[in-house]
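Here is the structure we will look at, set down as structure tokens.
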Amino acid sequence: MALRFYNTLTQKVEPFAPLHDNVVKMYTCGPTVYNYVHIGNLRTFTFQDILRRWLQARGYRMDHVMNITDIEDKIIRHSLAAKQTIYEYTKQYTQAFIEDTATLRLQPPERLVKATDCIDDMVSAIQKLEERGYTYNSDGSVYYRIAKFPEYGKLSHHDFSGSLAGARVDVDEYDKADARDFVLWKAKKEGEPSWDTPIGDGRPGWHIECSVMAMKYLGETLDIHTGGIDLAFPHHENEIAQSEAITGKPFARFWMHAEHLSIDAQKMSKSMGNFFTLRDLLGQGYAPETIRYLLASVPYRKKLNFTFEGLSAAATSIDRLRNYQLRLKTGHFADGVNAAIEERTKTAVNVFDEAMDDDLNTAEALAAAFEFVRDTNTAMDKGEFKAGNVASALAFLKRFDSVFDVLEPTPPKGGLSDQEIDALVGERNAAKKARDFARADKLRQDLAAQGVIIEDTKEGVRWKRQ
RNA sequence: GGCGCGGUAGCCAAGUGGUAAGGCAGAGGUCUGCAAAACCUCCAUCACCGGUUCAACUCCGGUCCGCGCCUCCA
């Protein structure tokens with residue numbers, strides 16, 4: 001079956017192909033840069049990375065835009081508290097975001113765009129909405145009038161046909177005509193950053209930036225719009241209301257939402273304080289690949305309950321795959337090709353591909369990989385695996401890792417070079433040959449202390465970094 | 001209350017109308033100078049109650065439980 005994704009809009013799994021040529025126009029709601037991102041945020045960004053990588057594996061090119069929200073209430077509050085300009089304040093967390101995502105091996109989007117670089121575009125978008133009668137003014141702010149957009153709720157499947165929804169919303173607090181209405185442009189407040197524009201002195205609301213940045217760079221209809229499940233309402237609903245009111249065209253064809261990561265079965269969030277940042281976990285000694293594996297191994301539409309037990313399981317799983325890769329690369333196999341193994345390799349690749357095609361079923365894709373590993377390890381033990389089988393097995397691992405990207409260890413800072421390790425391993429081999437096991441074990445222990453593991457196998461001596 | 005997701009072995013988790021993938025952990029073996037690595041064996045009847053069916057974990061109805069959104073939030 002062909003590539004297919006679950007679409008929040010239709011609540012169905014649908015075949016996917018981009019609208020234009022071979023390029024996927026994708027927009028992702030990026031971070032609000034007032035703090036370090038936590039692993040819940042990174043779960044969603046990891047999903048987007050897996051999505052990107054699989055689309056590319058399937059032969060598509062990406063045109064992916066991610067926004068950086070660098071003007072917003074919390075940013076203003078925090079920067080004032082830190083006695084920094086918002087520019088200084090957001091710059092450090094934007095940089096941290098770029099670093100953290102790189103550490104997790106997330107491919108950068110083709111364009112990473114700051115909201116404050118698109119103020120003019122937002123202003124003209126709001127003017128278009130004004131011209132079309134979708135807005136009203138109140139105390140210098142501009143609001144979107146939801147009553148003008150009958151399709152409101154079509155993404156999150158809320159039914160607003162009855163009385164006003166949202167019993168807990170205090171309408172009076174906002175000077176809004178309808179509890180659902182949201183602000184497009186906020187009137188200037190003393191001491192806060194603002195832009196003097198034709199629609200008033202003020203700053204943009206949150207929702208407008210995504211509509212504007214998406215359409216500015218990707219056109220009026222996106223192939224895919226992604227974000228965390230919590231953004232479906234109201235943020236994405238509002239994006240649809242804004243964008244489609246301006247263009248009259250569908251804003252996004254596929255809406256894909258990542259489920260939340262929880263901790264102790266509770267939602268992890270900045271406001272509740274029960275969160276880990278990537279930096280926290282790295283500080284505790286976990287490798288980036290381990291965290292990446294854990295985040296990627298649970299299919300994106302399934303809640304992921306974060307535990308340290310899960311993290312160590314992830315680390316062990318990666319080891320297993322790396323050991324296998326090492327065996328392929330360093331082992332000595334008899335000449336020839338085992339046709340049956342070639343056939344099974346082909347099958348494994350097909351199962352892997354089919355799992356990924358099926359709405360990114362990473363759990364099943366991993367199962368395909370592990371099943372293949374066990375099968376061919378057994379064949380190696382029996383001597384049935386031939387030198388001519390190595391290439392296609394490595395090719396499968398390469399395909400696997402083009403998506404999961406966990407096989408290459410993050411290089412340690414400092415430490416021994418490969419050459420130095422080879423020399424020490426050579427010394428140990430000599431000692432072993434001379435049956436000087438005390439010296440051989442000493443050398444092995446010394447290397448172990450530096451994070452290098454030596455293994456004596458049927459197929460020869462090999463080493464790896466921990 | 002409305003909308004949505006889920007309840008499969010100790011933990012994570014796939015899956016399908018025909019008698020339950022995979023990973024981790026655990027037990028026992030094989031191999032081995034030792035240590036690893038690897039392999040083999042063992043370890044669940046799928047929340048509960050009805051119904052449909054030759055056959056349901058998988059379909060239908062109901063019940064219970066957990067979580068999320070409905071307000072800023074990945």
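Both backbone and side-chain heavy atoms feed into the values below; hydrogens, waters and symmetry mates do not. In what follows, chains are A, B, ... by sequence order, proteins preceding strands, each numbered from 1.
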Could I get a table of every N or O pair under 3.5 Å where one atom is in the protein and the other is in nucleotides 57-60 of chain B?
none

Under the side-chain contact (heavy atoms from CB on, under 4.5 Å) rule, collect the residues that match up with [X], sequence neighbours excluded.
X: A:T316; value: none
X: A:A214; value: A:Y27, A:L222, A:F251
X: A:K74; value: A:Y34, A:E72, A:R77, A:H78
X: A:R462; value: A:N323, A:L326, A:R327, A:T330, A:E455, A:T457

Practice prompt. Report the residues that fulfil ring-ring contact (aromatic ring centres under 6.0 Å, His included) with A:F254, sequence neighbours left out, ordered by chain and then residue number.
Written response: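 Counting only residues at least two positions away or on another chain, A:F254 forms a ring-ring contact (aromatic ring centres under 6.0 Å, His included) with A:F16.
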
Listed in order of residue number, which residues of [range] have a non-hydrogen atom at under 4.0 Å from RNA chain B?
range: residues 445-453 of chain A; value: none
range: residues 422-435 of chain A; value: A:R428, A:K432
range: residues 96-113 of chain A; value: none

Worksheet item: A:F437 stacking on B:rG33: centroids under 5.5 Å, ring planes under 30°?
Response: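 Answer is yes, a stack.
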
Worksheet item: Which nucleotide in the set B:rC5, B:rA74, B:rA38 lies at the smallest distance from any side-chain heavy atom of A:D230?
Response: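 In terms of side-chain proximity for A:D230, the closest of B:rC5, B:rA74, B:rA38 is B:rA74.
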
Fill in: base_contact_polar (B:rC34 base, A:R444 side chain, donor-acceptor, <3.5 Å)
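In this structure, the two groups form a donor-acceptor pair.
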
Practice prompt. Looking at every strand, decide which applies to A:D441 at a 4.0 Å heavy-atom threshold: base, sugar-phosphate, or nothing.
Written response: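 The answer is base, as A:D441 lies within the cut-off (heavy atoms under 4.0 Å) of a base atom.
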
Which protein N or O atoms sit under 3.5 Å from an N or O of nucleotides 45-47 of chain B?
none

Worksheet item: Taking protein heavy atoms under 4.0 Å as touching, what does nucleotides 11-27 of chain B look like 5' to 3' if B marks base contact, S marks sugar-phosphate-only contact and - marks none?
Response: S-SSS-----BSSSS--

Discussion item. So if I apply the ring pair (Phe, Tyr, Trp, His ring centres under 6.0 Å) rule between A:F47 and each of A:W54, A:Y300, A:Y6, which one comes out positive?
Written reply: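 Per the ring pair (Phe, Tyr, Trp, His ring centres under 6.0 Å) rule, the option paired with A:F47 is A:Y300, out of A:W54, A:Y300, A:Y6.
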
Worksheet entry | 5' precedence on RNA chain B between A:A258 and A:E455 (nearest-nucleotide basis) |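 Counting from the 5' end, the first nearest nucleotide belongs to A:E455.
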
Worksheet item: Counting just side-chain N and O atoms, does A:S156 come under 4.0 Å of either OP1 or OP2 of B:rC70?
Response: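 Checking B:rC70 against A:S156, no side-chain N or O comes under 4.0 Å of OP1 or OP2.
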
Hey, can you pull the donor-acceptor pairs under 3.5 Å for the side chains in residues 434-441 of chain A, sequence neighbours left out?
{"from": "A:D436", "atom 1": "OD1", "to": "A:R439", "atom 2": "N", "distance (Å)": "3.2"}
{"from": "A:R439", "atom 1": "NH2", "to": "A:E427", "atom 2": "OE1", "distance (Å)": "2.7"}

